[in-house]
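Within every chain, numbering begins at 1; the chains are lettered A, B, ... in the order of the sequence lines, protein sequences first and strands thereafter. Hydrogens, waters and symmetry mates are skipped; everything else that's a heavy atom, side chains included, is used.
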Amino acid sequence: MSAFTPKSDLLHTLEQRGFIHQCSDFAGLDAKAASGDLVAYVGYDCTGPSLHVGHLISIMMLHWLQKTGGKPITLMGGGTTRVGDPSGKDASRPLATLEQIESNKNSIRKVFSQFLTFGDGRHDAIQPDNAEWLAKLNYIDFLRDVGRHFSVNRMLSMDSVKLRLEREQELSFIEFNYMCLQAYDFVELNKRYGCTLQMGGSDQWGNIVTGVDLGRRLGTGQLYALTTPLLTTASGAKMGKTAQGAVWLNADMLSAYDYWQFWRNTEDADVVRFLKLITLLPLDEIARLGALGGSEINEAKKILATEATALIHGREAAQAAANTAQQTFEAGTLAQDLPRVEIPASQLREGFGILAAFVKAGLVASTSEARRQIKGGGLRVNDAVQSDENAALTPRDLLPEGVIKLSLGRKKHVLLRCAD
RNA sequence: GGAGGAGUGUCCCGAGUGGCAAAGGGGGCGGACUGUAAAUCCGCUGGCUACGCCUUCGUAGGUUCGAGUCCUACCUCCUCCA
């Protein structure tokens, strides 16, 4: 792969930006992409109400695909989610109900329009749901026409399955069938839309190649597999989850400010890699940012955060988040745009217990945790460290702006405000 | 169907002798150092109306002053046999 110099704009771009982990046939795919009628898809589970930052890489790939003249398909896994993906999860996921899946699907859908142009044109993105064909499959027909092409021996050797077997963990039959359905999807998308490439994270390699294989046996013509590295930090931690939960892409599930903060806190070693993967900045600009030494790299992190946030929350919200951060962390002034929580004015007049206040603000999960944080010096009111867990907030704590600033650690702030 | 083994703090792994809010990791959070970074060091990591009370060790009972630890039944998983 490294020896190969891609001719197509697509592979050229993907390679330069660090998207490529494995490819089933680099040269073949390159030729196909260069021909200008490449249709490719990525499948998305409907297990949650929103995608998270871990999904971002594949979405960006679809974006570049469209930009370089290809047609992207975002396949909603409305059908496969009814079965469950065995990819390395420790426990079998509880199966989602049909209503949940439907609701998740509609919620997930929203995010793609920020990255892709949908429509009926030749290069417009489309968004089918594999329930359209999987739900009406007839078991006998499926076994006869498709099932006989799958080798159990091979499936057993796949990491996702092998791991579960080695660790003596539950692997149910329906989960086992997941890859068969995913392979079938690929073939079906080929028939319906001329799709010849499936992309995904490196953990999907086995599933994707199974689809390529099935296509060959069923006579689809050559199919291709392309995987990306999983989004991890330089220290090896998986991205996408924080203590508060996943870093959601949907704007209604994670604020622009929090999203901006997430990327602002990127490790030094990851900045350039992330700029390439999740922003649209030109490579020479990224190279310039990457050359910044020492603490100057913070400038690059701010740009990373703002560009990333602009993609899903809009330029204006991203800039607002940047401004809020600038005021809070650099100017040391009160940023009115910090997250807010309201309490009744009467409650403040009576004295609002400090522990309850932090719980109310959502900065700690329980009063016990608030107590612990006070012992550890982690709670501040109006930037003053608190040491008395019996203290109460009163109207005297109100800043001139009419709010009380509560902080957990150095980074998390909430403004407490009286409701009228 | 038979024999044996296993299920531990709702993030994960994992010790556990009848006195256990339960060893030790990882992860996470907080503090120090910094640059809202990494590395390192320190603290914390069930809940509450909090020097006490309540809920936790697959589920439900039982023995006991007292059970994660003993007994019974049940559920789930693993291994060997049929």
- Non-hydrogen side-chain atoms of Arg264(A) and Asn298(A) separated by less than 4.5 Å: yes
- Item | Proximity to the side chain of Leu408(A) - top-ranked nucleotide from A38(B), G31(B), G30(B) | G30(B)
Atom [atom1], compared across [N] and [M]: separation rounded to whole Å:
| N | M | atom1 | result |
| --- | --- | --- | --- |
| C20(B) | G52(B) | P | 16 Å |
| A82(B) | A15(B) | C1' | 37 Å |
| C70(B) | G1(B) | C1' | 29 Å |
| C41(B) | A50(B) | P | 38 Å |
| U10(B) | C48(B) | P | 14 Å |
| G28(B) | A37(B) | P | 14 Å |
| G58(B) | U8(B) | C1' | 10 Å |

Just by distance, with hydrogens left out, do [X] and [Y] show a side-chain donor and acceptor under 3.5 Å apart?
| X | Y | answer |
| --- | --- | --- |
| Trp263(A) | Thr309(A) | no |
| Gln198(A) | Gln182(A) | yes |
| Asp9(A) | Trp64(A) | no |
| Lys411(A) | Asn265(A) | yes |

Atom-to-atom span, [atom1] of [X] to [atom2] of [N] - whole angstrom:
| X | N | atom1 | atom2 | result |
| --- | --- | --- | --- | --- |
| Leu304(A) | U36(B) | CG | P | 16 Å |
| Glu267(A) | A39(B) | CD | C1' | 10 Å |
| Leu289(A) | G35(B) | CG | C1' | 16 Å |

With both distances under 3.5 Å as the test, what is the Watson-Crick or G-U wobble partner of [N]?
| N | result |
| --- | --- |
| G43(B) | C29(B) |
| A21(B) | none |
| A67(B) | none |
| C48(B) | G52(B) |
| C77(B) | G5(B) |

- Query: Under 4.0 angstrom, heavy atoms only, what part of the nucleic acid is Ile297(A) near: base, sugar-phosphate, or nothing?
  - Reply: base
- Using a 4.0 Å heavy-atom cut-off across all strands, classify Lys301(A) as base, sugar-phosphate, or nothing. base
- Task: Have a look at C20(B) and give me syn or anti from its glycosidic angle (syn if within 90° of zero).
- Result: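 Base orientation relative to the sugar is syn.
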- Query: Do the rings of Phe112(A) and Phe118(A) sit parallel, tilted or perpendicular, given the 30° and 60° boundaries?
  - Reply: perpendicular
With a cut-off of 3.5 Å and sequence neighbours excluded, list every side-chain donor-acceptor pair involving residues 346-365 of chain A.
none

- Task: Would you kindly compare Ala325(A) and Gly409(A) by the position of their nearest RNA chain B nucleotide and give the one closer to the 5′ end?
- Result: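 Upstream on the strand: Gly409(A).
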- Task: Could you pick out which residue, Gln326(A) or Gly377(A), lies toward the 5' side of RNA chain B when each is mapped onto its nearest nucleotide?
- Result: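 Its nucleotide being nearer the 5' end, the pick is Gly377(A).
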- Item | Phosphate-side-chain proximity, Lys411(A) and G35(B), N/O vs OP1/OP2 below 4.0 Å | no
Please produce a list of atom pairs where a protein N or O lies less than 3.5 Å from an N or O of nucleotides 45-52 of chain B.
unit_1: G47(B); atom_1: OP1; unit_2: Ser366(A); atom_2: OG; d: 3.0
unit_1: G47(B); atom_1: OP2; unit_2: Arg372(A); atom_2: NH2; d: 2.3
unit_1: C48(B); atom_1: OP1; unit_2: Thr367(A); atom_2: N; d: 3.4
unit_1: C48(B); atom_1: OP1; unit_2: Thr367(A); atom_2: OG1; d: 3.4
unit_1: C48(B); atom_1: OP2; unit_2: Thr367(A); atom_2: OG1; d: 3.1
unit_1: C48(B); atom_1: OP2; unit_2: Ser368(A); atom_2: N; d: 2.9
unit_1: C48(B); atom_1: OP2; unit_2: Ser368(A); atom_2: OG; d: 2.6
unit_1: A50(B); atom_1: N7; unit_2: Arg371(A); atom_2: NH2; d: 3.1
unit_1: A50(B); atom_1: N6; unit_2: Ser368(A); atom_2: OG; d: 3.4
unit_1: A50(B); atom_1: N6; unit_2: Arg371(A); atom_2: NE; d: 2.6
unit_1: A50(B); atom_1: N6; unit_2: Arg371(A); atom_2: NH2; d: 2.7
unit_1: A50(B); atom_1: N1; unit_2: Arg371(A); atom_2: NE; d: 2.7

- Message: Please tell me whether Phe329(A) and His413(A) form a close aromatic pair, meaning their ring centres lie under 6.0 Å apart.
- Response: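 Yes: the rings meet the under 6.0 Å criterion.
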